[in-house]
Amino acid sequence: MLWFLASVFRHGNKRTMQAILAQSLNDYDPQSVEAAAQRYWSEQCAYEVKEDPARQKFFCLCMLPYPSGALHMGHVRNYTMGDVIARFQRMQGKNVLQPMGWDAFGLPAENAAIKHATAPASWTYANIGHMRDQLKALGYAIDWSREFATCQSDYYLHEQRMFVHLMKKGIAYRKHSVVNWDPVDQTVLANEQVIDGCGWRTGAPVEQREIPQWFLKISAYAQELLDGLDTLPGWPEAVKNMQRHWIGRSNGLKISFAVEGEAQSLTVFTTRPDTLMGVSFLALAAGHPLAQKAAVRDPRLAAFLAEIKRGGVSEAELEKQEKRGMAMGLYAIHPLSGEKLPLWVANFVLMGYGTGAVMAVPGHDERDFEFAARYGLPIKQVIAVAGEHYDSTRWQPWYADKSRPDMQVINSGELDGKDYAQAFEAVARLLEQRGMGARQIHYRLRDWGVSRQRYWGCPIPVIRCPHCGDVPVPEKDLPVLLPEDVAFSGVRSPLKTDPQWRLVSCPVCGSAAERETDTFDTFMESSWYYARYTSPGASTQVDARANYWLPVDQYIGGVEHAILHLLYFRFYHKLLRDMGLVHTDEPVTRLLCQGMVIAETFYRENKDCSKDWINPAKVDIQRDSKGRVVGAVLKSDGQPVKIGGIEKMSKSKNNGVDPQSMVARYGADAVRLFSMFAAPPEQSLEWSEAGIEGMARFLRRFWREVLAHAKQPALPQLEPDQLDAVQKSLRRQLHETIQKVGDDFGRRHAFNTAIAALMELFNAVNKLTDMSAQACAVRREVLETMVLMLNPVVPHVSHHLWQVLGHPESTLEDQPWPQVDQAALVRDQLKLAVQINGKLRATIEVSASAQQDEVEQTARRHPNIKAFLAGKTVRRVIVVHGKIVNIVVG
RNA sequence: GCCGGUGUGGCGGAAUGGUAGACGCGGCGGACUCAAAAUCCGCUGACAGCAAUGUCGUGUAGGUUCGAGUCCUAUCACCGGUACCA
């Protein structure tokens with residue numbers, strides 16, 4: 001309201017202002033409507049829920065936010081989807097739990113601490129306070145009594161206890177693995193902190209360095225995680241496919257190669273034993289013990305190993321690197337032919353994956369082919385396909401295709417003539433007999449490294465004793481508290497520099513020992529928070545209440561979490577199950593992955609070619625006479641700015657739109673409505689100020705129509721049998737809409753089309769000018785049902801209008817979802833499209849009961865159809881009931 | 001590199017093998033107004049035509065089908081993930 005008045009003041013028209021003030025009692029004012037509804041919900045504790053075995057439960061969960069400082073549109077979109085589903089399910093009569101919490105540990109708090117010289121803890125708590133207020137202003141049906149932040153010790157206590165348990169079970173273990181090392185800051189960098197192989201702050205070239213780290217044995221659950229995907233029909237196929245490929249089950253052979261002059265043989269895994277006779281060398285990772293050993297007496301090799309350790313450790317970076325290698329001067333013996341095979345070190349072989357060594361078959365593997373071509377290593381053809389010519393100077397995809405039914409092994413002695421399966425079998429049997437090989441199922445999935453060399457995380461509850469090794473912190477000493485009141489400079493973790501915290505005595509032998517100073521990966525906290533929501537205040541990790549609420553019925557979050565978070569989350573659930581805490585195999589039955597929120601970018605170029613990004617709120621768009629965008633100018637100076645294209649909302653491109661300012665200007669309901677309307681949930685959503693104005697316009701029109709209708713004197717009972725054709729058709733549209741919206745909200749999650757259908761219905765009811773008693777009764781049915789159907793999306797407006805329509809304030813949340821009146825759906829006339837050879841030529845109207853030939857005859861009688869059929873032979877007529885008639889002519 | 005996704009009017013999008021462009025935005029025209037804003041009404045894919053209507057049209061090139069935006073093959077562009085951002 002205020003912004004509106006302010007704009008009137010600017011125009012300086014006193015009379016208009018008075019007119020608006022006089023009207024305002026009837027005008028839609030989001031601020032007051034939303035404040036009143038939110039006050040009511042809060043006073044009534046309307047969304048606090050308890051277990052009720054008599055009622056069907058519905059656990060609606062959104063991915064918990066990282067408290068970065070301010071809510072962004074991605075959050076709004078995510079939580080509005082959850083809220084629509086939660087409110088809709090409640091109207092289906094379910095006992096709905098929708099909780100909220102904070103994923104409060106993590107790297108950004110440390111970066112903010114460096115930048116603003118604050119402690120990560122106080123920065124985080126301040127952000128949580130602010131973002132909670134912002135969330136509350138959006139009117140979500142959240143049970144706030146269950147809220148927690150993962151950095152609270154009564155949360156991470158249970159994580160530490162669980163870790164101790166997993167250590168004892170052998171699921172948690174320590175091994176060496178490679179990290180990004182910044183040699184200047186003497187610190188470990190996250191992958192995102194490595195830019196073009198250099199540290200983001202120091203600019204120094206990053207090195208790969210091996211350090212001891214804690215791991216969870218997710219690989220022991222690989223098969224179960226893979227099989228479990230088949231039990232999740234409510235998950236998107238894309239997510240399940242990505243997880244299947246990530247787990248990467250493959251069937252192959254583990255083969256031992258004796259190495260000349262070495263006692264220890266070399267083991268490789270291959271899925272292509274059929275190409276064994278085509279092996280021309282073996283490639284080893286730089287970190288392989290044999291490579292390390294060889295480097296000791298070969299300075300050139302040592303230099304090469306050091307060289308390929310430069311750069312970061314991310315897979316994307318490693319895979320895009322040029323393939324390089326160096327001969328080690330050692331030879332392995334081919335297990336069948338006895339041939340000498342050179343050993344090479346190669347940068348494309350990773351120590352952390354498989355055995356750290358591969359057998360190279362340049363003739364039938366594209367990467368080996370390129371490597372062999374580059375270093376002049378032999379390329380042997382051992383697979384042939386009839387009709388295809390093999391050319392060892394040019395790679396062709398069929399060389400590596402084991403699935404071709406016409407492929408056969410050649411140049412391989414007794415294996416010749418066999419297909420893939422036969423050759424696999426023969427090689428497996430031969431090697432098994434000689435004790436040089438074994439069949440193996442291999443998974444691409446690697447164990448989960450949970451150690452982070454950082455301060456702002458959950459301390460790993462381990463004491464390192466020089467005599468007893470790694471000793472778990474005894475139960476009575478848990479939690480190991482993270483000191484929160486620290487000075488954080490950035491480079492060294494305060495845990496490492498604080499001797500008081502670090503130095504302890506060993507709980508086993510009592511001698512001087514040190515705490516583990518690493519903290520957990522923050523995926524640890526986000527892997528079990530869903531379960532904690534079910535058991536607020538429990539002294540154990542979860543209690544019996546978990547088995548009322550779990551599994552989660554609907555989980556909603558960004559598609560960027562499709563693999564890592566969602567796989568760890570499923571894994572953790574199985575760990576909780578194996579501890580007897582939960583009783584299902586999977587944590588979530590239905591999953592919805594939402595797309596990003598994107599916006600136009602604008603910039604001006606500086607003299608040095610750098611760009612100043614300008615926020616869309618400060619820019620005016622210019623259009624030509626047809627409405628096409630032709631340019632943009634900065635509002636403040638009227639001078640042109642460049643349009644940079646549509647990108648994900650981000651700080652770096654300055655194209656973020658602040659939800660709070662949108663709520664202040666248009667109201668939470670308009671913001672909610674636009675986020676649900678502008679795109680289907682799983683696709684990206686482009687923010688548009690004009691679009692949200694359209695939503696506010698719709699709400700104002702709806703508001704006015706309901707208020708005008710409510711002023712009518714007492715209405716008669718609706719008599720469906722006495723309606724005229726127009727009234728009947730509107731009522732049919734209403735019930736078709738009830739059917740569609742129910743399906744769109746409940747099953748399809750197509751919020752955008754549900755809203756479009758409601759707008760269409762509203763346009764139709766607006767066109768009904770008939771003020772007869774029965775027309776008013778139909779109008780009332782439409783408007784009242786619309787308030788109910790809009791409630792999940794715009795609950796504040798609905799809360800108010802429900803009362804305007806004469807209902808007590810208390811009843812809307814639990815009002816049953818409107819029922820479809822099947823009788824109202826019946827049509828007596830159907831509109832059909834008539835095609836000739838698949839092209840639309842006419843539309844006809846026929847009785848709903850018309851038989852096939854009657855429909856066909858009506859179609860043939862249509863003048864346009866007659867004209868098209870003149871002089872042609874009808875070959876076939878296809879009649880699809882209620883849809884089309886297709887006449888095929890020759 | 002690999003895995004997954006997306007591509008439709010001026011724009012966001014709709015169409016679950018059956019009338020391509022619902023709904024919203026923008027634009028154009030009209031009503032109201034001294035005027036403007038707001039509001040209301042109408043039109044709005046391109047081309048040809050007075051019109052009826054016709055031709056073309058869903059990234060590109062093929063294919064399956066009575067019928068393809070939708071299914072298949074190839075290809076291009078963009079987006080997400082790629083194990084230490086969350």
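Each chain gets a letter, A, B and so on, in the order its sequence line appears, and its residues count up from 1.
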Given [options], identify the nucleotide with an atom nearest to the side chain of [X].
{"X": "Pro680(A)", "options": "A14(B), G24(B), C40(B)", "answer": "A14(B)"}
{"X": "Val888(A)", "options": "C40(B), U19(B), C66(B)", "answer": "C66(B)"}
{"X": "Asn886(A)", "options": "U16(B), G18(B), G13(B)", "answer": "G18(B)"}
{"X": "Ile878(A)", "options": "G18(B), G24(B), C23(B)", "answer": "G18(B)"}

Using the ring of each side chain (for Trp, its six-membered ring), is [X] parallel, tilted or perpendicular to [Y], with breaks at 30° and 60°?
{"X": "Trp123(A)", "Y": "Tyr66(A)", "result": "tilted"}
{"X": "Phe762(A)", "Y": "Phe698(A)", "result": "perpendicular"}
{"X": "Phe569(A)", "Y": "Tyr530(A)", "result": "tilted"}
{"X": "Trp448(A)", "Y": "Phe571(A)", "result": "perpendicular"}

Work out how far the [atom1] atom of [N] is from that of [M], and round it to whole angstrom.
{"N": "U16(B)", "M": "A22(B)", "atom1": "C1'", "result": "15 Å"}
{"N": "A61(B)", "M": "G69(B)", "atom1": "P", "result": "14 Å"}
{"N": "U44(B)", "M": "U53(B)", "atom1": "P", "result": "14 Å"}
{"N": "U64(B)", "M": "A74(B)", "atom1": "C1'", "result": "15 Å"}
{"N": "U39(B)", "M": "C78(B)", "atom1": "C1'", "result": "41 Å"}
{"N": "A68(B)", "M": "C23(B)", "atom1": "P", "result": "26 Å"}
{"N": "G10(B)", "M": "G5(B)", "atom1": "C1'", "result": "27 Å"}
{"N": "A77(B)", "M": "G30(B)", "atom1": "P", "result": "48 Å"}

Hey, does the side chain of [X] come within less than 4.0 Å of [N]'s phosphate (OP1/OP2), counting only N and O?
{"X": "Arg244(A)", "N": "C3(B)", "answer": "no"}
{"X": "Arg367(A)", "N": "C2(B)", "answer": "no"}
{"X": "Asn766(A)", "N": "C41(B)", "answer": "no"}
{"X": "Arg876(A)", "N": "U65(B)", "answer": "no"}
{"X": "His245(A)", "N": "G4(B)", "answer": "yes"}
{"X": "Asn752(A)", "N": "C23(B)", "answer": "no"}
{"X": "Arg748(A)", "N": "A15(B)", "answer": "yes"}

Regarding [X] and [Y], do their side chains bring together a donor and an acceptor under 3.5 Å, going by distance alone?
{"X": "Gln213(A)", "Y": "Arg452(A)", "answer": "no"}
{"X": "Asn763(A)", "Y": "Arg701(A)", "answer": "yes"}
{"X": "Glu647(A)", "Y": "Thr601(A)", "answer": "no"}

(request) Drop me the distance from Ile621(A)'s CD1 to Glu689(A)'s CD, to the nearest 0.5 angstrom. (result)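 Reported value, rounded in 0.5 Å steps: 11.0 Å.
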(request) Indicate for each nucleotide in nucleotides 52-57 of chain B, in 5' to 3' sequence, whether protein heavy atoms under 4.0 Å reach the base (B), only the sugar-phosphate (S), or nothing (-). (result) -SSSS-
(request) Encode nucleotides 76-86 of chain B as B, S and - characters from 5' to 3', where the letter depends on protein heavy atoms closer than 4.0 Å: B to the base, S only to sugar-phosphate, - to neither. (result) ---SBSBBBBB
[X] [atom1] - [N] [atom2] separation (whole Å):
{"X": "Arg700(A)", "N": "A37(B)", "atom1": "CZ", "atom2": "C1'", "answer": "12 Å"}
{"X": "Glu856(A)", "N": "C66(B)", "atom1": "CD", "atom2": "C1'", "answer": "13 Å"}
{"X": "Phe369(A)", "N": "G1(B)", "atom1": "CZ", "atom2": "P", "answer": "18 Å"}
{"X": "Glu686(A)", "N": "U6(B)", "atom1": "CD", "atom2": "P", "answer": "18 Å"}
{"X": "Gln739(A)", "N": "U16(B)", "atom1": "CD", "atom2": "C1'", "answer": "15 Å"}
{"X": "Leu758(A)", "N": "G24(B)", "atom1": "CG", "atom2": "P", "answer": "12 Å"}
{"X": "Phe702(A)", "N": "U39(B)", "atom1": "CZ", "atom2": "P", "answer": "18 Å"}
{"X": "Ile692(A)", "N": "G26(B)", "atom1": "CD1", "atom2": "P", "answer": "13 Å"}

(message) If the threshold is 4.0 Å, N to carboxylate O, is there a salt bridge linking Lys320(A) and Glu315(A)?
(response)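 Salt bridge flag = no for Glu315(A) with Lys320(A).
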(request) With sequence neighbours excluded, tell me which residues meet side-chain contact (heavy atoms from CB on, under 4.5 Å) with Gln683(A). (result)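 Testing Gln683(A) for side-chain contact (heavy atoms from CB on, under 4.5 Å), a comparison that skips the adjacent residues, returns Pro680(A).
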If you look at every strand shown and take non-hydrogen atoms under 4.0 Å, does [X] touch a base, only sugar-phosphate, or nothing?
{"X": "Glu760(A)", "result": "sugar-phosphate"}
{"X": "Asp518(A)", "result": "nothing"}
{"X": "Ser526(A)", "result": "nothing"}

(message) Applying a 3.5 angstrom cut-off to the pairing atoms, does RNA chain B sit in any stems of at least three consecutive Watson-Crick or G-U pairs? List them by first number.
(response)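 For RNA chain B the paired stretches long enough to count as stems (3 pairs minimum) are B:1-7 with B:76-82, B:10-12 with B:23-25, B:26-31 with B:39-44, B:45-48 with B:53-56, B:59-63 with B:71-75.
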(message) Tell me the closest heavy-atom pair linking Ala104(A) and Trp456(A), and the distance in Å.
(response)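 Shortest heavy-atom contact: O-NE1, 2.8 Å.
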(message) Among residues at least two apart in sequence or on other chains, which ones pass ring pair (Phe, Tyr, Trp, His ring centres under 6.0 Å) with Phe371(A)?
(response)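 By the ring pair (Phe, Tyr, Trp, His ring centres under 6.0 Å) rule, Phe371(A) matches Phe281(A), Trp344(A), Phe348(A), Tyr375(A).
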(message) Both Lys831(A) and Lys767(A) contact RNA chain B. Taking the nearest nucleotide for each, which residue is further toward the 5' end?
(response)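 Going by which nucleotide is closer to the 5' end, it is Lys831(A).
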(message) Apply the syn/anti split at 90° from 0 to G9(B) and say which one it is.
(response)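 Judged by the O4'-C1' to base torsion, G9(B) sits in syn, the angle falling within 90° of 0.
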(message) Suppose we screen for side-chain hydrogen bond (donor to acceptor under 3.5 Å, both in side chains). Which residues come up paired with Asn886(A), at least two apart in sequence or across chains?
(response)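 Asn886(A): no side-chain hydrogen bond (donor to acceptor under 3.5 Å, both in side chains) contacts found.
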(request) Decide if atom NZ of Lys175(A) counts as having more than 12 heavy atoms of other residues, nucleotides or ligands within a radius under 6.0 Å. (result)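 More than 12 within 6.0 Å, yes.
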(message) Are His561(A) and Phe523(A) an aromatic pair, judged by ring center distance below 6.0 Å?
(response)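 When the ring centroids of Phe523(A) and His561(A) are compared, they turn out to be at least 6.0 Å apart.
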